[in-house]
Amino acid sequence: MSATKSGSKLKKVAVEVVETPEKVKETAAPEVVVEAKKKILFVASEAAPFIATGGLAEVIGSLSKAIAKDERYDVRVILPLYQDIKKEYRKDFRFIGNIFVPLSWRNQYCGIFEYVANNVTFYFVDNEYYFKRPGCYGYYDDGERFAFFCRSVMEILGFINFYPDILHCHDWQAALAALYLKTIYCFRPEYQFIRAVFTIHNIEYQGKYSMDILEDLFGISYRFKYLVEYDRCINLMKGAIECCERFSTVSPTYANEIKDPYYAHGLDQIVRRNEFKLTGILNGIDPDYYDPATDKALFANYSAADPSGKKICKEELQKMLGLPVKPETPIIAMISRLVSHKGLDLVREVIEQALRQDVQFVLLGTGDSGYENYFTDLARRYQGKVVSIISFNSDLSRKIYSGADLFLMPSKSEPCGLSQMIASRYGTVAIVRETGGLKDSISPYGAGGNGFTFSNYNAYDMLYVINEALGVYKIKEEWTRLVRRAMETDFTWSTSAKSYVGLYLDALK
Ligand code: GLC
């Protein structure tokens with residue numbers, strides 16, 4: 001019965017179309033003007049979950065996903081196809097073709113692979129000569145490798161027929177994409193409306209090279225020397241700042257700090273001169289990826305509403321690390337690269353004074369041998385109290401984030417920092433120095449905040465707040481409330497993704 005009904009309906013419409021097309025036009029629903037999606041292309045040297053050496057990868061992975069949730073944006077990401085890209089993903093990459101990329105006098109093979117996840121299309125640039133090596137960075141020819149990558153990005157746009165509204169370049173490895181756009185490609189009709197946004201994740205790494213390779217290796221005419229030259233060298237980060245429409249960094253406080261020589265590693269003048277196009281947007285973390293309620297690496301799952309599993313995490317962590325199993329003894333953890341700007345000199349100065357109390361200290365990380373040796377020796381001298389694990393392992397880091405009570409991050413400078421957010425989400429209260437993103441994400445306990453903070457880069461100021469934290473830890477009800485505040489802080493991308501969209505629209509004006 002119903003089939004006949006709908007059949008006759010269809011027939012009627014068809015007849016109407018044939019007989020009086022104008023009439024159909026008249027009665028049709030008013031035309032809805034669908035605005036074309038804004039096209040965003042991230043250019044970056046790493047992205048989680050494919051390949052990660054640090055926070056940059058997590059931001060590329062989670063920010064692209066957050067923006068792509070809004071259907072008005074077509075978000076794509078382009079990366080080098082490193083040998084170390086995880087096999088579990090790589091097996092599903094789809095080869096979509098190859099082109100040849102001009103780089104100064106060379107013409108190089110460039111294979112293109114594609115993978116789609118969470119509404120984001122990822123492209124991978126294949127060239128075995130440049131990328132079939134272990135790790136991502138640290139080769140004598142990194143400049144040439146990333147020049148090839150950036151030049152490939154520009155050439156691939158035609159091949160995939162995707163000319164973005166916004167070319168969003170991250171850190172020095174992607175800086176040349178913005179430079180190529182403004183010096184070579186913007187004269188071509190399809191490229192002329194592309195706007196460049198550049199994000200600094202850490203101003204310390206600028207991509208500095210000798211001036212004489214500008215034409216020969218990077219393929220940029222000496223006419224444009226003024227854009228990249230700084231201190232008589234090529235400075236790729238400087239070049240990207242000069243030629244992008246907008247640039248940003250990963251927290252509002254860091255955006256202010258990099259105008260100051262103390263934080264800017266020589267670029268403060270350039271930052272100040274371009275201040276009118278600078279914004280600071282605080283990073284977020286992926287709430288699905290870092291969720292103590294579902295994280296499979298944990299000994300037990302828990303949440304802010306029911307934190308009981310955290311006790312099991314602590315007990316099992318103590319057992320695993322060979323520490324005395326004492327539920328009442330607070331564990332202070334550090335998970336960090338062992339490099340000077342992480343504030344390790346402060347730790348070295350006063351940690352033994354903190355260790356006089358009933359406390360355990362756990363460190364996970366690798367880095368400069370001086371620090372590695374120091375922490376190894378500290379663990380030897382304080383057996384049963386201190387454990388130093390000189391390596392990095394994501395599974396173990398999650399066990400530590402969940403099993404510890406306090407998370408120490410006294411950085412000298414910290415563009416954003418993600419560990420303090422992850423720790424807080426896992427109910428481990430952060431102790432941070434008020435710099436960069438640490439200042440913007442952790443607020444002091446005394447003012448009703450979610451952690452403990454100190455302002456001056458001074459070991460005794462740090463010791464003072466460690467002692468304050470250990471004092472609050474003893475007041476159980478107060479501590480429970482503080483842990484809850486830490487866990488409930490909104491570290492998602494919801495606000496920051498909107499700020500990036502605002503930045504894009506601003507760049508397009
Ligand atoms: C860099 C910064 C770090 C930031 C990360 C992601 O690694 O040093 O502070 O969180 O980039 O933006």
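Please read all numbers here as calculations on a predicted model, not as lab measurements.
- Not a single donor-acceptor pair under 3.5 Å links the side chain of Y401 to the backbone N or O of P292.
- With a 6.0 Å cutoff to the six-membered ring centre and a 45° limit on the axis angle, R145 does not count as a cation-pi contact of Y130.
- At a cut-off of 3.5 Å, with distance as the only test, no side-chain donor of K439 or S455 sits close to an acceptor on the other residue.
- Heavy atoms from other residues, nucleotides or ligands lying under 6.0 Å from CD of Q269 number 12 at most.
- Under 3.5 Å, the side chains of Q357 and N467 contain a donor-acceptor pair of N or O atoms.
- In this structure, R398 satisfies the cation-pi test against Y289, with its NZ or CZ atom closer than 6.0 Å to the six-membered ring centre and inside 45 degrees of the ring normal.
- Residues E58 and Y290 have side chains that bring a donor and an acceptor to within less than 3.5 angstrom of each other.
- No side-chain heavy atom of F131 sits less than 4.5 Å from a side-chain heavy atom of L79.
- Ion pairing between a basic and an acidic side chain is recognised when a charged N comes within 4.0 Å of a carboxylate O; K132 and D126 show no such pairing.
- Listed for the K326 side chain is no donor-acceptor partner under 3.5 Å among the backbone atoms of L323.
- A salt bridge links R381 with E352; the closest basic N to acidic carboxylate O contact falls under 4.0 Å.
- Taking a 6.0 Å sphere around CD of E477, one finds it holds 12 or fewer heavy atoms contributed by other residues, nucleotides or ligands.
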D288/K65 under salt bridge (Lys or Arg N to Asp or Glu O under 4.0 Å): CA gap, chis, key distance, verdict: CA-CA 12 Å; D288 307 325; K65 177 175 158 189; 3.5 Å; yes
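- Classification of the F452-W479 ring pair by plane angle, with boundaries at 30° and 60°, yields parallel.
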Test salt bridge (Lys or Arg N to Asp or Glu O under 4.0 Å) applied to R133 and D141, step by step: CA-CA 12 Å; R133 310 176 187 187; D141 58 347; 2.8 Å; yes
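- Under the 3.5 Å distance criterion, with hydrogens and angles disregarded, a donor-acceptor pair is assigned to the side chains of E46 and Y137.
- Ring geometry for Y115 against F50 counts as perpendicular: the plane angle is over 60°, on a 0 to 90° scale with 30° as the lower cut.
- With contacts defined as side-chain heavy-atom distances shorter than 4.5 Å, the pair F218/Y209 qualifies.
- Judged by distance alone, the side chain of N450 and the main-chain N or O of S441 form a donor-acceptor pair under 3.5 Å.
- With salt bridges taken as basic N to acidic carboxylate O contacts below 4.0 Å, none links K385 and D358.
- A salt bridge between E488 and R484 is present, with a side-chain N of the basic residue lying under 4.0 Å from a carboxylate O of the acidic one.
- Screening D345, T376, T366 for a side chain to side chain donor-acceptor pair (under 3.5 Å) with Y371, the sole residue that qualifies is D345.
- Aromatic ring orientation, F149 versus F146: perpendicular (interplanar angle above 60°, classes split at 30° and 60°).
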